[in-house]
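Here the structure is laid out as structure tokens; the discussion comes afterwards.
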Amino acid sequence: MEIKKAEPIEATNFIEHEINKDILAGKIHGGIQTRHPPEPSGYLHIGHVRNIVMNYGTAKKYGGVCNLRYDDTNPLKEKQEYVDALQEDVQWLGFKWGNIYHATDYFQANYEIAVKLIKEGKAYVCDLSPEELSATRGTLTEPGTNSPFRDRSVEENLDLFERMKNGEFEQGSRCLRAKIDMASPNINMRDPVIYRIQYLEHQRIGRQWNIYPSYDFSHPLDDCLEGVTHSICGLEFEDHRPLYNWVVENSGLPNKSRQIEYSNLLIKNTVSGKRNIKKLVEEGIVWGWDDPRLITLRGLRRRGILPQSLIDFVVAAGLSKTTTICEKEMLDFFVRNTLNEKSRRVMAVLDPIKLVITNYEGEGEEILLEDYPQRGEETTKRSYVFGKELLIERSDFEVTPPPKYHRLYVGNKVRLKGAYVVTCTGYDLNEDGSVKCVYAEYDKDTKSGSGVEVKVKGTIHWLNAKHATRVEVRKFDNLIADGEGSTSERAEIGEVVYNKDSVHINKNAYVEAGVDYNLADRYQFMRNGYYALDCEDSKPEALVFNEVVGLKGSYKPEAK
RNA sequence: UGGGGUGUCGCCAAGUGGUAAGGCAUGGGAUUCUGACUCCCACAUUCGAGGGUUCAAAUCCUUCCACCCCAGCCA
């Protein structure tokens with residue numbers, strides 16, 4: 001891959017400002033390099049999109065490269081399943097990595113640097129148990145105390161570390177610690193553990209290693225080894241930065257990567273965070289990682305949300321160091337925006353009532369409907385059948401219309417999308433008082449495309465009762481955290497109540513006959529910004545539609 | 001009560017001493033064969049609060065307040 005020598009660009013966020021400063025200060029000798037370092041311990045969700053956009057996007061803007069690196073230093077949590085899914089999801093988003101690396105690729109190098117640190121007296125093997133170690137770490141307000149093993153000789157440390165590597169000791173019995181400062185006000189600097197013993201089957205390298213470097217040790221090293229110039233990560237690592245720098249400085253590696261932190265992106269009242277989502281999956285509260293009620297990439301995808309919307313949303317949300325909790329409406333806007341641009345339109349009726357065109361004679365006639373009206377003249381068209389007996393949306397007729405209602409009521413004219421202008425003449429009621437059937441007369445001169453202009457205030461969508469396919473429509477709500485307040489905004493599991501009725505199944509919806517729901521295409525319902533789609537993973541007859549797209553600007557009877 | 005961060009419109013967010021960008025949401029209007037889209041117009045005399053420096057401060061100093069993160073051999 002061609003890598004451009006770093007030059008300042010017009011900064012759109014504080015990270016770019018920082019990078020520009022580094023370039024101007026002459027700290028960058030080649031191109032900009034970043035990395036996307038997920039731990040394969042779960043599926044990607046919308047919060048990760050910011051990280052992905054930052055890393056891949058920033059590298060791209062500078063003409064540099066972003067590599068994908070699996071941060072697989074903890075076999076306990078990681079699975080091949082997640083490794084595979086991660087790549088698919090990043091590709092689905094449309095980002096391209098330079099190379100794929102694994103933290104495990106650097107285990108030998110990490111090990112050698114650890115040995116070097118031991119030789120320099122900067123690391124030591126500690127025999128304290130995890131409990132003992134914790135007890136000597138001190139507290140937030142009190143300093144820790146030195147380990148009794150802190151001043152072991154280099155020879156003894158070397159020997160012990162070698163034997164840890166060879167698997168001679170029990171898990172948890174010993175660890176390698178960096179010798180920094182037990183009195184540091186920053187707890188991360190109180191002789192952090194940099195290697196631990198673990199006899200676990202690693203999803204990638206099996207039982208090759210008995211010792212595993214910790215994140216704090218391997219991450220900065222891997223960054224430097226790989227040539228990363230800027231290691232962009234979450235705010236939670238901010239107070240690890242001194243340790244990051246300590247490792248970089250003491251590694252002896254020529255490339256000095258710099259860590260820059262930014263805040264995470266959350267959506268208000270949604271359950272976010274890999275750990276939280278995982279819990280929902282494991283406890284069976286949702287169907288899986290791709291449950292459409294979830295904000296995982298796969299969940300959003302099954303809801304019909306396109307990757308472009310997510311990227312646009314994240315870019316629009318900007319970047320800062322304050323915790324970003326966006327309202328769902330903001331995401332909705334970008335979802336609508338992309339869908340509006342890309343979806344193929346199709347007529348559908350979610351809650352049907354019959355409309356009879358009393359003066360219509362004959363078996364029916366062909367009409368043409370635009371597939372993509374947003375493309376203007378470029379659009380393809382499909383053929384559909386107009387007839388005597390139609391289905392319309394229940395909400396498109398009112399017995400006693402509220403003020404400013406301009407759809408169907410007795411005496412009112414309305415255009416049937418793509419077909420004729422009709423005048424409502426009457427209706428039948430069921431025994432329970434609900435509307436059974438609506439009657440109307442059509443004006444044969446008003447066919448769409450005929451050039452005859454009739455001013456009507458409403459246009460409604462419809463289906464031919466004989467040429468409509470009954471489909472199951474499922475509506476998914478975000479699985480939301482309970483109510484207001486900072487705790488629930490963060491959507492911590494265990495502290496929140498979930499909306500119970502988050503899936504709405506409507507088996508009485510209809511769409512145009514002949515529409516192929518196996519296509520990986522998006523369809524937009526006729527009015528109100530409802531979108532329907534088939535999703536690859538769902539059953540062919542299942543049509544998912546998402547309310548996330550909202551009902552912007554629809555008729556509000558309460559508004560005068 | 002230790003350390004590290006953050007506080008600019010209902011929600012995001014620019015701004016880095018020269019007199020408050022933009023997006024979402026909202027309200028109003030135009031247009032419309034989707035009450036969608038599009039298009040106009042409105043929307044912070046004020047930047048967590050109080051002091052101070054300066055001709056001039058959201059930007060500098062200072063005191064205070066609020067919230068977030070850190071005591072895994074997790075990342």
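If you're wondering where the values come from, they're calculated on a predicted model, not measured in any experiment. Only this structure's heavy atoms are used, side chains among them; waters, hydrogens and symmetry mates stay out.
In this structure, A:G449 reaches the bases: a heavy-atom distance under 4.0 Å links it to at least one base atom across the strands shown. Nucleic acid contact for A:L128: base, since at least one base atom lies under 4.0 Å from a heavy atom of the residue. No engagement by A:S41 is indicated, since no non-hydrogen atom pair under 4.0 Å with the nucleic acid exists. Residue A:T73 is in sugar-phosphate contact alone, with no base atom involved, counting any heavy-atom pair closer than 4.0 Å across all strands shown. Nucleic acid contact for A:K21: none, since no nucleic acid atom lies under 4.0 Å from a heavy atom of the residue. A:K321 comes within 4.0 angstrom of sugar-phosphate atoms only, judged by non-hydrogen atoms across all strands, and of no base. Contacts of A:R137 with the nucleic acid, taken as non-hydrogen atoms under 4.0 Å apart, involve only primed sugar atoms and P, OP1 or OP2. When heavy atoms are screened at a 4.0 angstrom cut-off, A:H240 is found touching base atoms of the nucleic acid. Residue A:S129 is in base contact, counting any heavy-atom pair closer than 4.0 Å across all strands shown.
In summary, of the residues considered (A:E282, A:R275, A:K274), a side chain to side chain contact (heavy atoms under 4.5 Å, CB included) with A:K278 occurs for A:E282 alone. Here the options are A:Y262, A:Y215, A:Y244, the test is ring-ring contact (aromatic ring centres under 6.0 Å, His included), and the partner is A:F237; only A:Y215 passes.
Here, B:rU62 and B:rG28 have their C1' atoms 46 Å apart, quoted to the whole Å. Between B:rG22 and B:rU6, the two P atoms lie 26 Å apart (nearest whole Å). Nucleotides B:rG7 and B:rA13, compared at atom P, are 9 Å apart to the nearest Å. Taking atom C1' on both B:rC9 and B:rU26, the two are 12 Å apart, rounded to the nearest angstrom. Rounded to whole Å, the C1' atom of B:rA20 lies 23 Å from the corresponding atom of B:rA66. When the C1' atom is compared between B:rA44 and B:rG51, the two are found 23 Å apart, to the nearest whole Å. B:rA49 and B:rU59 are spaced 10 Å apart, taking the P atom of each and rounding to whole Å. Going from the C1' atom of B:rA71 to that of B:rG3 covers 11 Å, rounded to whole Å.
Residues A:K413 and A:D443 are not in side-chain contact: their nearest non-hydrogen atoms beyond the backbone lie 4.5 Å or more apart. Looking at heavy atoms from C-beta onward, A:H219 lies out of side-chain contact with A:V247 at the 4.5 angstrom threshold.
Proximity note for A:E327 (side chain, C-beta onward) versus B:rC24, B:rG7, B:rG2: the nearest is B:rC24. Taking every side-chain heavy atom of A:P130 into account, B:rC73 is the closest of B:rC73, B:rG2, B:rC33. Nearest nucleotide to the A:S134 side chain, out of B:rG4, B:rG72, B:rA25: B:rG72. With distances taken from any side-chain atom of A:F237 to the nucleotides B:rG2, B:rG10, B:rA75, the minimum falls on B:rA75. Proximity note for A:L133 (side chain, C-beta onward) versus B:rU32, B:rA75, B:rC73: the nearest is B:rC73. When each of B:rC69, B:rC12, B:rC33 is scored by its nearest atom to the side-chain atoms of A:E236, the top-ranked nucleotide is B:rC69.
In this structure, A:Y82 has its ring center under 6.0 Å from that of A:Y43. Taking the six-membered ring for Trp, A:F333 and A:F313 have ring centres at least 6.0 Å apart. Taking the six-membered ring for Trp and the full ring otherwise, the centers of A:W209 and A:Y195 sit at least 6.0 Å from each other.
Across all strands shown, the partner of B:rC11 is B:rG23, judged by Watson-Crick or G-U wobble contacts whose two distances both fall under 3.5 Å. Under the Watson-Crick and G-U wobble criteria, each requiring two contacts below 3.5 Å, nucleotide B:rU6 is paired to B:rA66. Under the Watson-Crick and G-U wobble criteria, each requiring two contacts below 3.5 Å, nucleotide B:rG17 is left unpaired. For B:rU38, the paired base is B:rA30 (Watson-Crick or G-U wobble, both distances below 3.5 Å).
Under 4.0 angstrom from either OP1 or OP2 of B:rA25 there lies at least one side-chain N or O belonging to A:R336. Between A:T324 and B:rA13 there is a side-chain polar atom (N or O) within less than 4.0 angstrom of OP1 or OP2. Taking 4.0 angstrom as the limit, A:H461 places none of its side-chain polar atoms (N or O) nearer than this to OP1 or OP2 of B:rA36. Contact annotation: A:S320 reaches the phosphate of B:rA13 (side-chain N/O to OP1 or OP2, under 4.0 Å). For the OP1/OP2 pair of B:rU32 and a distance below 4.0 Å, the side-chain nitrogens and oxygens of A:T459 include no atom meeting the criterion.
One finds the CD atom of A:E261 at 9.0 Å from the OG atom of A:S231 (value rounded to the nearest 0.5 Å). Between the CD1 atom in A:I460 and the NZ atom in A:K417 there is a gap of 12.5 Å [rounded to 0.5 Å].
Atom CD of A:Q80 has more than 12 neighbouring heavy atoms from other residues, nucleotides or ligands inside a 6.0 Å radius.
Spacing between atom CG of A:N186 and atom C1' of B:rC69 amounts to 11 Å, rounded to whole angstrom units. Per the geometry, NZ belonging to A:K278 stands 11 Å off C1' belonging to B:rC74, to the nearest Å.
Contact check of residues 187-201 of chain A against RNA chain B (heavy atom, cut-off under 4.0 Å) returns A:I187, A:V193, A:R196.
Regarding the sugar-base torsion, B:rG48 falls in the anti class, its angle being beyond 90° of 0.
At a cut-off of 3.5 angstrom, counting only N and O atoms as typed in the model, there is a donor on one side and an acceptor on the other between the side-chain of A:D239 and the base of B:rG3.
The nearest heavy atom of RNA chain B to A:F14 and to A:P37 marks one nucleotide each, and the one closer to the 5' end goes with A:F14.
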